[in-house]
There are 2 protein chains.
Amino acid sequence: MDKIKTENTETEILNAAKEIFQLKGMAGARMQEIADKAKINKALLHYYYRSKQLLFEAVFKSAFTLLAPQLNKVLNDDSDLFEKIRRFTENYVSFVIKHPYLPNFVIQELNKNPEFVVKLRSEKNFPSIDKFKLQISDAIKQGVIKPIEAEQLFINIISLNIFPFIGEPLLMALVNVDKESYNKILQHRKTEVAEFIINSIKI
Amino acid sequence: MDKIKTENTETEILNAAKEIFQLKGMAGARMQEIADKAKINKALLHYYYRSKQLLFEAVFKSAFTLLAPQLNKVLNDDSDLFEKIRRFTENYVSFVIKHPYLPNFVIQELNKNPEFVVKLRSEKNFPSIDKFKLQISDAIKQGVIKPIEAEQLFINIISLNIFPFIGEPLLMALVNVDKESYNKILQHRKTEVAEFIINSIKI
DNA sequence: AAATTTGTTAACCAAATAGTTAAACCGTAT
DNA sequence: ATACGGTTTAACTATTTGGTTAACAAATTT
């Protein structure tokens with residue numbers, strides 16, 4: 001059946017495009033390079049995706065679709081707050097190892113295209129902070145954690161987990177270690193970060 | 001004296017280049033756009049800076065020269081640890097308001113050009129973590145803070161301060177607030193972040 | 001004030017790059 | 001076999017873009 005072959009080529013292109021776009025960004029990516037990586041003629045890119053812009057949007061959407069569930073692990077999950085922070089921190093490292101350039105790619109392109117946010121927000125499955133806010137105010141009421149705004153806590157959790165990857169080259173230089181040692185530091189963070197956060201908020 | 005005029009044109013170009021490069025990155029920036037912003041002919045860019053690459057490097061160097069002292073406020077400063085954390089957090093927001101795209105620019109271009117790190121490291125005034133390490137181990141010995149690796153604490157401080165700006169469009173969408181409210185959140189962080197960190201490590 | 005050096009511009013060039021076209025290919029149904 | 005559909009390619013086009021050139025302008029030196 002030709003459908004199988006079509007799907008193969010199409011996903012082949014998408015996979016190649018993911019690699020190139022995530023590594024070099026929209027502006028730095030070259031259609032020819034994507035075609036080469038997918039081992040097809042450049043015209044095929046346009047046959048399947050019409051334009052660079054549309055191919056890029058397909059990649060971006062796919063990237064965000066992968067990232068959203070990670071964020072939802074903090075925002076929408078019924079488990080106990082501390083347990084949740086521990087699990088998210090633990091999981092996030094593994095996620096980034098599987099998709100090293102993805103979070104940075106999403107953040108960068110959002111910075112360069114703030115109007116994308118509008119599109120994303122309108123789609124279903126866009127993570128919402130509402131549940132998390134309730135959980136935090138409950139935990140405060142029950143005397144489990146010190147008073148803190150849910151927004152601030154959320155930003156702290158995300159910052160502590162995402163930035164060490166985005167800022168890797170800078171942090172590696174500042175901390176003055178090589179790639180191997182830096183990876184060890186990141187591995188340590190799997191547990192360290194959660195304890196750092198919990199230490200700060202628990203009563 | 002023509003020197004004055006030359007300096008004006010040269011810095012005019014550099015300022016325009018800073019704006020464009022920091023906003024769009026090396027790959028996304030256009031020499032013509034820089035020339036337009038500097039209100040000069042495109043050939044003048046090459047007269048003063050030879051190539052896009054060299055102009056970019058001048059901008060990058062200048063950006064890092066501005067960023068380094070900020071980092072040194074955490075790493076090399078004799079003041080009391082808690083006071084230092086409080087002051088850095090307070091100052092950093094003001095710094096980023098003055099140079100909104102600078103930290104992200106530096107980090108992005110380092111990600112795309114990891115070999116830049118080598119050049120930066122070899123220059124004097126590159127921030128070193130040594131003093132900070134001593135300060136932390138002293139504080140632990142003296143029972144002021146709980147045991148923590150200096151590297152981890154440093155990464156935490158930097159992450160909590162820098163990421164909220166780099167991830168602004170994403171965080172704004174996730175936290176579900178408009179620009180104005182997000183700015184208020186950032187202003188709150190001037191004090192909140194320091195207390196969050198100190199809470200976590202103090203005994 | 002003539003000559004020389006420095007600063008600036010318009011016009012141009014070559015390479016890179018996104019996108020198009022028309023023909024070839026290839027499996028499937030007639 | 002052959003006509004037909006979707007798939008793939010080589011060759012091409014138009015535009016963008018970094019960079020150059022040669023002439024002009026303005027200041028500096030002699």
Side-chain angles (χ1 to χ4, degrees), chain A residues 1-63 105 108-109 112-113 115-116, chain B residues 1-63 105 108-109 112-113 115-116:
Chain A
M1 228 183 5
D2 69 15
K3 210 179 176 192
I4 285 168
K5 210 180 172 197
T6 291
E7 273 179 16
N8 278 343
T9 308
E10 201 168 335
T11 54
E12 208 67 45
I13 290 174
L14 197 63
N15 285 336
K18 277 181 194 170
E19 264 195 71
I20 303 293
F21 274 127
Q22 288 183 22
L23 207 59
K24 312 204 165 177
M26 170 65 172
R30 298 291 157 243
M31 292 298 265
Q32 186 61 60
E33 202 179 351
I34 294 172
D36 290 349
K37 175 137 280 175
K39 285 177 199 150
I40 48 126
N41 186 287
K42 186 164 64 83
L44 256 198
L45 295 182
H46 293 93
Y47 178 77
Y48 282 103
Y49 290 93
R50 286 224 7 211
S51 70
K52 187 184 181 184
Q53 182 64 29
L54 288 175
L55 178 53
F56 168 76
E57 279 170 26
V59 169
F60 184 82
K61 205 170 188 171
S62 145
F105 168 71
Q108 281 321 306
E109 299 303 331
K112 266 148 202 165
N113 273 310
E115 71 273 14
F116 274 15
Chain B
M1 235 186 357
D2 71 15
K3 212 180 174 194
I4 284 166
K5 210 181 173 195
T6 291
E7 272 179 18
N8 278 343
T9 308
E10 200 168 335
T11 54
E12 209 67 43
I13 291 174
L14 197 63
N15 285 335
K18 277 180 194 171
E19 263 194 72
I20 304 294
F21 274 128
Q22 289 182 22
L23 207 59
K24 312 203 164 178
M26 169 66 172
R30 297 292 156 242
M31 292 298 265
Q32 187 60 60
E33 203 180 351
I34 295 172
D36 291 348
K37 176 137 282 175
K39 285 177 197 147
I40 47 127
N41 186 287
K42 185 163 66 84
L44 257 198
L45 295 182
H46 292 94
Y47 179 77
Y48 282 103
Y49 291 93
R50 285 225 7 212
S51 69
K52 187 184 182 184
Q53 181 65 28
L54 288 175
L55 178 53
F56 167 77
E57 279 170 26
V59 169
F60 184 82
K61 204 169 187 172
S62 145
F105 168 70
Q108 281 323 304
E109 299 302 332
K112 266 148 202 164
N113 272 310
E115 70 275 13
F116 274 16

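Computed from heavy atoms alone, side chains included, the values below leave out hydrogens, waters and symmetry copies. Proteins come first, then strands; the chains are lettered A, B, ... in the order of their sequence lines, and each starts at number 1. All figures in this text were calculated on a predicted structure; none of them were measured in a lab.
Looking at B/K37, its side chain never comes within 3.5 Å of a backbone N or O of B/N15 through a donor-acceptor pair. In this structure, the side chain of A/K18 does not engage the main chain of A/A63 through any donor-acceptor pair within 3.5 Å. B/K52 places a side-chain N or O within donor-acceptor distance of the main-chain N or O of B/A29, the cut-off being under 3.5 Å.
The CD atom of B/E57 sits 16 Å away from the P atom of D/dG18 (whole-angstrom rounding). Spacing between atom CD of B/Q53 and atom P of D/dG19 amounts to 9 Å, rounded to whole angstrom units. Rounded to an integer number of Å, the gap from B/E12 CD to C/dG7 C1' is 15 Å.
In the set C/dT8, D/dG18, D/dT7, the nucleotide with an atom closest to the side chain of A/Y48 is D/dT7.
A/E33 meets the salt bridge (charged side-chain N to carboxylate O under 4.0 Å, His left out) test with A/K24; sequence neighbours excluded.
Within residues 31-46 of chain A, the residues that place at least one heavy atom under 4.0 Å from DNA chain C are, in residue-number order, A/M31, A/K42, A/A43, A/H46.
OP1 or OP2 of D/dT20 has not a single side-chain nitrogen or oxygen of B/Y47 nearer than 4.0 Å. OP1 or OP2 of D/dG18 has at least one side-chain nitrogen or oxygen of B/R30 nearer than 4.0 Å. Under 4.0 angstrom from either OP1 or OP2 of C/dT8 there lies at least one side-chain N or O belonging to B/T9.
Judged purely by distance below 3.5 Å, without hydrogens or angles, the side chains of A/D36 and A/Q32 pair a donor atom with an acceptor atom.
Around NZ of B/K112, the count of heavy atoms belonging to other residues, nucleotides or ligands within 6.0 Å exceeds 12.
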